[in-house]
Amino acid sequence: MSDNGASSIPPQTFVECGICKGNANISWFCKNCPTSLCDACATTHRKEKQFKSHTIVERTYTVLRLFGPAKIAEQCEVHPEKDISSYCNKCDVPCCISCLVQNHQRHEISTIEDKYLDAEKRLNVYYKQLDTDVRPTLDKMEDQAREDVKEDKFTVEKVINDINEYRKDFIQTFNRSCDDLITKVNQISKKSTEAFGGIEKSNKMIESLKKEIEEKIERGKLDIIKYQPPKLDSLIPTIKGHKQVDISFEPSMKLLEVMKESVGEIKFREIEREEMDRPKMLRSIHVEKLHSFVSEIGVTSMTTVGNNMAWVMYFRSPTMYLYNDEGKVVRSVTVGGGEGINDMAITESGEMIVTCTDKKVRCVSESGKVSTMIDTAPFGCYGVCVTDKQEIIVCMRDQGDENHVAVYSSDGRSKVREIRSRDGQGKHLITHPYRVVQNGQDLCVVNRGSNVVCVDERDNVRWVYDGKQAKLEKSFHPLGICVDKNNNLLVTDFRNHCIHYIDREGGLIQVILTWEQTGLRDHWGICVDDVTGHVWVGNGYNKKLVIAKYLK
């Protein structure tokens, strides 16, 4: 392409010069003649007096289209016998010479050639923007769609695995029940057989005694006098523990109920089932809603700083905001980094460690200066926390199955170790690390939308909380986590619009901060103010934030 968007036509042997009829170096075109020219004739054409007013230009596709013999002649709609030669800019219509005289005098007029060239330039700019502006956006959307599809595929596979596990457990339980019943039936049958055998033996003994008595009577009186037959009650068999048992087996309805109870615990998005009986929760924890307000951005992550204030972050915003409990913005810091911020933690010295969507971990000083600490590529960096030893803990995820939690030194210059956590069969338990907190010497990791895994300093799994203890309507979907002053955990449940309050050993204490109690749905970001004991919780899409009291 040339600068005006028209491609040059190289000299071709089958094109003749309009003057000398030769076919060598046909590189020029006279707009006025109009004809193609070779280099020699073009030079002569420019020098001759009668052709000095002619315009000779490089022979291009655009020139041929506009001026050459193959140009497309378009007729005027008003005067079909005449070709369009001009364009009225005021009326925004093409015109022939008659139209100009009749209807467009004193209007701003352009030649049809100039209008065409302007349109061609505009389209060329638009054409380039398709690659420079539109295509990168589509590529990003495609990458995100691929990630979403992979995440959905992972979730589907997990649900299918859960179903198969439930099926396996159910079949094993059902088989055990059937085996127990069969054993019981066999035992009853054995007792009945034994009882029948005892009766048959007694009958034989009676027949034998009768025969023996008959023989003694025939022998004489003395044998009869001395003979002492066995006691009659000894001839009656004793059948211990035998009683009539009602043996019945009607598995269809019981099987249906068991399957409802088992399969009902497996949830996936909009899969609905009959509502199960909710468990009776402890009533010792009372929730009191204190404040509620709308934030500048969605709330996917929060960190308290004392004085009834908390930083609020959203993964689609590069700016984080410091709110007080009245809903006023006290301060804001723009960190940058791709589409926005994933999570933030505060060091002992007051610096903020921020994970960003461009796979960078940044440090924000108290004065607001931003610097890059860690490049986590190819892994994305999500949840972050700072331990008592000032080590930086980062949740790392990529497109493969190498997801883990990384432990960095306090300055971020070296990776101390990686936490992957395996179960007894060697299977990784940290599959989708999204948030992480320290609780004593343990680390509690949220696998997004799945469960919470607690590991000790040696990467040994202490417990896994999957939300089943709560027996809620929908499957457990954790997104946020924090630790309160009692070393208990608060975990947001996005699907059930509530908080799971869990003790240090992974046991459910109570479901709190429900939609009915707070008016908040789609719980996501969460933090606790250790001074006041107030919990801050918000959602990612409706920008609503609630502050509540749950501890005395």
Side-chain angles (χ1 to χ4, degrees), residues 1-140:
M1 286 282 191
S2 62
D3 291 340
N4 64 0
S7 299
S8 298
I9 300 179
Q12 301 177 62
T13 56
F14 54 83
V15 179
E16 292 182 346
C17 173
I19 296 178
C20 68
K21 303 304 179 182
N23 56 13
N25 298 326
I26 312 300
S27 304
W28 306 95
F29 189 87
C30 178
K31 290 184 178 181
N32 302 84
C33 288
T35 187
S36 299
L37 301 171
C38 65
D39 290 345
C41 292
T43 302
T44 304
H45 206 63
R46 289 190 185 96
K47 292 180 179 179
E48 294 181 1
K49 291 183 179 180
Q50 65 269 33
F51 301 127
K52 274 189 177 182
S53 61
H54 286 200
T55 302
I56 298 175
V57 296
E58 183 182 1
R59 186 175 181 273
T60 65
Y61 285 118
T62 301
V63 169
L64 290 177
R65 176 176 172 81
L66 293 176
F67 303 99
K71 70 178 182 179
I72 299 174
E74 297 184 15
Q75 281 70 42
C76 176
E77 292 183 0
V78 181
H79 307 93
E81 71 280 2
K82 297 189 177 182
D83 292 345
I84 292 172
S85 60
S86 306
Y87 197 91
C88 179
N89 295 320
K90 181 178 180 180
C91 302
D92 197 23
V93 293
C95 313
C96 69
I97 188 66
S98 298
C99 291
L100 291 177
V101 175
Q102 296 175 5
N103 304 315
H104 303 283
Q105 292 184 15
R106 297 182 182 179
H107 289 185
E108 182 183 349
I109 303 298
S110 298
T111 65
I112 199 69
E113 292 85 359
D114 290 340
K115 202 69 178 177
Y116 176 85
L117 290 174
D118 288 342
E120 188 181 38
K121 288 179 181 179
R122 186 176 67 255
L123 289 177
N124 272 289
V125 171
Y126 179 82
Y127 180 88
K128 291 177 181 178
Q129 286 177 336
L130 291 177
D131 284 331
T132 59
D133 297 338
V134 178
R135 177 58 62 189
T137 302
L138 290 177
D139 289 343
K140 276 188 178 180

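Along the sequence shown, residues carry numbers from 1.
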To the nearest 0.5 Å, tell me how far [X] [atom1] sits from [Y] [atom2].
X      : Y      : atom1 : atom2 : value
Leu100 : Ser85  : CG    : OG    : 6.0 Å
Leu117 : Lys115 : CG    : NZ    : 11.5 Å
Glu58  : Trp28  : CD    : CH2   : 6.5 Å
Asn25  : Leu37  : CG    : CG    : 12.5 Å
Asp133 : Tyr126 : CG    : OH    : 10.5 Å

What do the steps show when you test Cys96 against Val78 for side-chain contact (heavy atoms from CB on, under 4.5 Å), and what is the final call? CA-CA 9 Å; Cys96 69; Val78 181; over 6 Å; no
Before giving the answer on side-chain contact (heavy atoms from CB on, under 4.5 Å), spell out for Cys17 and Ile26 the whole-Å C-alpha distance, their side-chain angles and the decisive distance to 0.1 Å. CA-CA 6 Å; Cys17 173; Ile26 312 300; 3.8 Å; yes
Could you pull out the closest heavy-atom pair between [X] and [Y], with the gap in Å?
X      : Y      : value
Ile19  : Cys41  : CB-SG, 3.8 Å
Arg135 : Asp131 : CB-O, 3.6 Å
Lys47  : Lys52  : O-CE, 4.0 Å
Ile109 : Ser86  : CG2-CB, 3.7 Å

Just wondering, do [Y] and [X] contact through their side chains at under 4.5 Å, heavy atoms?
X     : Y     : answer
Lys21 : Glu16 : yes
Cys20 : Cys38 : yes
Ile84 : Gln75 : no

Should we count [atom1] of [X] as having more than 12 external heavy atoms under 6.0 Å?
X     : atom1 : value
Glu48 : CD    : yes
Arg46 : CZ    : yes
Glu77 : CD    : no
Phe51 : CZ    : yes

Under 30°, 30 to 60°, or over 60°: which ring-plane class applies to His104 and His107, parallel, tilted or perpendicular?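 Answer is perpendicular, since the angle exceeds 60°.
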Side-chain (Tyr87) to main-chain (Asp92) donor-acceptor, under 3.5 angstrom: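 Pair found, side chain donor or acceptor close to backbone of Asp92.
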Please enumerate all residues that pass side chain to side chain donor-acceptor pair (under 3.5 Å) together with Ser110, with sequence neighbours excluded.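 Per chain and number, Ser110 pairs via side chain to side chain donor-acceptor pair (under 3.5 Å) with Asn89.
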